[in-house]
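Okay, so here's the structure we're looking at.
Everything numeric in this text was worked out from a predicted model, so none of it was measured. To find a chain, count down the sequence lines: A is the first, B the second, and so on, and within it residues start at 1.
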There are 2 protein chains.
Amino acid sequence: MTRTGSPRLLREINDRAAIETLLRSGAMTRAELEEVIGLSKPATAQLLARLEEDGMVVRTGLRGGGRGPRAQMWAVNGGVGHVAAVALTPELIDVAIADITGSLLAEHSAPMPKDNTLRAFRETVQKAAVLAGLRLDALSHVVVGTPGAVDPATGHLGFAPHLPGLVDVDLPSTLRELLGTSVSIENDINLAALEEMSSGKAVGVRNFVLFWPADEIGSAVVVNGVLLRGVTGGAGEIDSMQIPGGRYGDQVDNEAIMALAATHGIAASSGVEAVAHALSTGERAFLSDLARRIALGLANVVCVLDPELVLLSGSVAQAGGETLCDLVAAELLELVVPRTPVQLAQITANPVRSGALHSALAVAREQVFGLPQRS
Amino acid sequence: MTRTGSPRLLREINDRAAIETLLRSGAMTRAELEEVIGLSKPATAQLLARLEEDGMVVRTGLRGGGRGPRAQMWAVNGGVGHVAAVALTPELIDVAIADITGSLLAEHSAPMPKDNTLRAFRETVQKAAVLAGLRLDALSHVVVGTPGAVDPATGHLGFAPHLPGLVDVDLPSTLRELLGTSVSIENDINLAALEEMSSGKAVGVRNFVLFWPADEIGSAVVVNGVLLRGVTGGAGEIDSMQIPGGRYGDQVDNEAIMALAATHGIAASSGVEAVAHALSTGERAFLSDLARRIALGLANVVCVLDPELVLLSGSVAQAGGETLCDLVAAELLELVVPRTPVQLAQITANPVRSGALHSALAVAREQVFGLPQRS
DNA sequence: CCCTCGGACAGGACAGTTTCCATTCGATGA
DNA sequence: TCATCGAATGGAAACTGTCCTGTCCGAGGG
């Protein structure tokens, strides 16, 4: 039940601390590592020697400049593990390969075919691996970011995935066999939230909600620094939330936004276009109405979670910019007691794939080093 | 940043494991303790001798019955710390005193006065302490359970507290000075959830929602085994949630339930009475309507959190019993994708004070033993 | 009377700390 | 320009702290 408590445990604790430090801060000298992990000189030296013996760390040159001899620099050996991150959309299969330190080794993408989806998936990942000089079985872990969510009980992809050939199967098992590696599947919005948390607006924020109005609406919930997935993988799937006027999804999805725009005399072929048009022409009434609708649903989320921050992301939010964001914040203030700040998400360049990469790194590091996940 | 990693750390780890085990399982012999914490016989003997020296553990008699010599029984010394749990309602100040092992030492309650609330509070707690043979400053920690929630930023009690004399002050600081001890204030529904989690229907459930329709409605949210409080202390305050028909609170509070009952020809002086009456006369239509209203709000909570379980508690839910519970579950199934089970809460005897006691014990144990965890 | 179990002691293994020494190389001053 | 100093690196030996294995003794029950 409880930990063993033998001296061996100390080794593990210190080894993990050292590798974690080297991963977080990059290459450093033995003296710097001492400082961070709090071990003495001989202990740190032995630790590094042992990890080098095991191939876990490598020497990466000498540091010059200061007084005294040039200090040996140490870094985690990237070769001990590799990961793949895949962003799946109805249009594209987008793959990135990195080593365990997080260095990007290769990128490759291919259009999503009409059929033979699985085969195309495998070939695209394999091509990316080859570009990185790897075989598929060299991948420690693969994270696939996709619309919809996987129910852990069944492995089926639920919540309107729009991905032909990937429904009604146990997707994690299927992909695991297809690639011959450990695979996990994560909701795309969740991954975007992960990315905001590690290098966007939500750095250091332990409780926030990322709201994503696009073709489909959805959200990601982070509680105590951990992504909330839900028992059936459906946490944050607020499309079916009931607000005054009916289902939330029916009021802020693409069609609803276009319809709302039409009532304000704005003709547009998509919600994004309508918002962009309204913004450029200074049509505030439409944006206010839209903001009120968005805020109605957000208010319910804020009631339940009382988060530190609400982030708006996705194409519609980005089109609306700070203007829409401020309008939503003002409407939200009228509806709920907490004065939750609303901000635009920061990451715009492929947040899903970046988040998948972070997620894959966390899993692979746990596999290879036994590290519990950290950001 | 990272832990020191010296051999001394092992001591701490093992000491904590031993005390945690003794707290969880009660008195035991050295051999039994060995088994649980995984130390050898001499190490465990030394550990106990050292803890006895420090006054942390005591010998509690000998175990007989088996072969061989009678083994010494060891237990945590309850005298190293004491806690108080207070349940505050508009009617009553209800205090319990326990030692750090959780043994109840004294109970005492007094009616809530119209004014001089703070003085009455202090005197009631002090009386309880005296009954337990203690002075106020012997209390390691006091947890006060109350309607409403404390905003950590201001210390003010928000969300309709109904407690005269306790609003518009920095309540934690005020009470801390009043008692001269460490005090924390916790929402009553949150404490009820804590109690369900430690000895009710939610044992082992890491993600659930406790819904509490009574005079006021509210809920508690547990995520990853941790109570979610929210930045302003307002997590779970779903009273102001917007559902079709308006504010959730206006549709399922006491008055709304009576009004709804009236439309079904049921005259009652309270919501509880209306529900009880409907149940005894087999008036299903009213209960169905009520269940639908309740489920509408719950559906939104389930959308956001996708919990493993929804518990219904509070007087109205208890009056409705399994019948109402099943009706709510059925309605919920129509509204959301996840098939979240809905159950009646189990703890009916003063769940708030019991939860406060657990909470206070957790804090005091961390103070006294440095234990990071909750049992 | 013997077997079993609790308690205690001794020797050894493992991990890390302290202390000391040799080496290197920029900085300082003659 | 060159010698010297001092700071920083790398390594080795001796010591401390913690726990484990093995052994022994004595007290009870069967």
Side-chain angles (χ1 to χ4, degrees), chain A residues 1-19 21-22 27-54 56-75 370, chain B residues 1-19 21-22 27-54 56-75 370:
Chain A
M1 160 151 287
T2 324
R3 293 295 166 88
T4 149
S6 66
R8 178 166 300 166
L9 178 63
L10 275 189
R11 268 278 154 91
E12 274 183 43
I13 291 176
N14 290 329
D15 284 6
R16 287 181 194 178
I19 287 185
T21 304
L22 286 175
M28 56 175 63
T29 69
R30 195 219 55 227
E32 291 164 348
L33 188 60
E34 273 172 37
E35 189 73 18
V36 179
I37 65 179
L39 283 187
S40 67
K41 194 164 57 165
T44 313
Q46 272 187 21
L47 183 152
L48 284 171
R50 189 162 23 80
L51 290 181
E52 185 186 27
E53 181 90 5
D54 296 348
M56 292 296 173
V57 301
V58 289
R59 300 166 187 251
T60 57
L62 302 174
R63 185 187 62 182
R67 278 187 183 176
R70 294 180 179 150
Q72 179 65 50
M73 302 291 288
W74 299 85
Chain B
M1 160 152 291
T2 322
R3 292 296 167 87
T4 144
S6 66
R8 177 167 299 166
L9 179 63
L10 272 190
R11 266 279 156 88
E12 275 184 42
I13 291 176
N14 290 329
D15 283 7
R16 288 180 194 177
I19 286 183
T21 304
L22 287 175
M28 55 175 63
T29 69
R30 195 222 54 225
E32 290 165 349
L33 189 60
E34 272 172 37
E35 189 72 19
V36 180
I37 64 178
L39 284 187
S40 68
K41 199 159 58 162
T44 313
Q46 271 188 20
L47 184 153
L48 283 171
R50 188 161 23 81
L51 290 181
E52 185 186 26
E53 182 88 7
D54 296 348
M56 292 297 174
V57 302
V58 290
R59 299 166 187 252
T60 57
L62 303 174
R63 186 187 62 179
R67 288 187 176 177
R70 293 176 182 155
Q72 179 64 246
M73 301 289 290
W74 300 86

Quick one, [X] and [Y] - any side-chain contact, counting heavy atoms below 4.5 Å?
{"X": "A/R50", "Y": "A/L47", "answer": "yes"}
{"X": "A/D15", "Y": "A/M56", "answer": "no"}
{"X": "B/L51", "Y": "B/L22", "answer": "no"}
{"X": "A/M73", "Y": "A/T29", "answer": "yes"}
{"X": "A/E32", "Y": "A/R63", "answer": "yes"}
{"X": "B/N14", "Y": "B/I37", "answer": "no"}
{"X": "A/Q72", "Y": "A/L62", "answer": "yes"}

Closest listed nucleotide, where the reference is the side chain of [X] and the choices are [options]:
{"X": "B/L10", "options": "C/dT18, C/dG6, D/dT18", "value": "D/dT18"}
{"X": "A/A43", "options": "C/dC9, C/dG7, C/dT17", "value": "C/dT17"}
{"X": "A/R63", "options": "D/dT9, C/dG6, C/dG16", "value": "D/dT9"}
{"X": "B/S40", "options": "D/dG10, D/dC20, C/dG6", "value": "D/dC20"}

Q.
Determine whether a donor-acceptor pair (one donor, one acceptor, N or O, separation below 3.5 Å) exists between the side chain of B/K41 and the base of C/dG7.
A.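 Present.
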
Write down the distance between [atom1] ([X]) and [atom2] ([N]), rounded to a whole number of angstrom.
{"X": "A/I13", "N": "C/dG16", "atom1": "CD1", "atom2": "C1'", "result": "13 Å"}
{"X": "B/L33", "N": "C/dG6", "atom1": "CG", "atom2": "P", "result": "13 Å"}
{"X": "A/Q72", "N": "D/dA8", "atom1": "CD", "atom2": "P", "result": "19 Å"}
{"X": "A/E52", "N": "D/dG10", "atom1": "CD", "atom2": "P", "result": "12 Å"}
{"X": "B/L9", "N": "C/dT17", "atom1": "CG", "atom2": "P", "result": "11 Å"}
{"X": "A/E12", "N": "C/dA15", "atom1": "CD", "atom2": "C1'", "result": "13 Å"}
{"X": "A/E32", "N": "D/dG10", "atom1": "CD", "atom2": "P", "result": "11 Å"}
{"X": "B/L48", "N": "C/dG6", "atom1": "CG", "atom2": "P", "result": "14 Å"}

(Q) Classify B/Q46 by what it touches in the nucleic acid, base, sugar-phosphate, or nothing, heavy-atom distance under 4.0 Å. (A)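 Here B/Q46 touches no strand at all.
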
Q: Identify whether any heavy atom of B/R50 sits under 4.0 Å from a base atom; if not, whether one sits that close to sugar-phosphate; answer base, sugar-phosphate or nothing.
A: nothing

Q: Starting from the 5' end of DNA chain D, give me the residue, B/R11 or A/W74, whose nearest nucleotide shows up first.
A: A/W74

Q.
For A/P7 and A/A45, find the nucleotide of DNA chain D closest to each by heavy atoms; which residue's nucleotide sits nearer the 5' end?
A. A/A45

Q: Go along nucleotides 24-30 of chain C 5' to 3' and tag each nucleotide: B for a protein heavy atom under 4.0 Å from its base, S when only backbone or sugar atoms are that close, - otherwise.
A: BBSS---

If you compare every side-chain N and O of [X] against the phosphate oxygens of [N] (OP1, OP2), does one of them come in below 4.0 Å?
{"X": "B/N14", "N": "D/dC19", "result": "yes"}
{"X": "B/R30", "N": "C/dG7", "result": "yes"}
{"X": "B/R8", "N": "D/dG17", "result": "no"}

Q | salt_bridge(B/E12, B/R16) N-O dist < 4.0 Å | A |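 So B/E12 pairs with B/R16 through a salt bridge.
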
Q. How do B/L62 and A/T44 order along DNA chain C: which one's closest nucleotide is nearer the 5' end?
A.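 Its nearest nucleotide lies further toward 5', so the answer is B/L62.
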
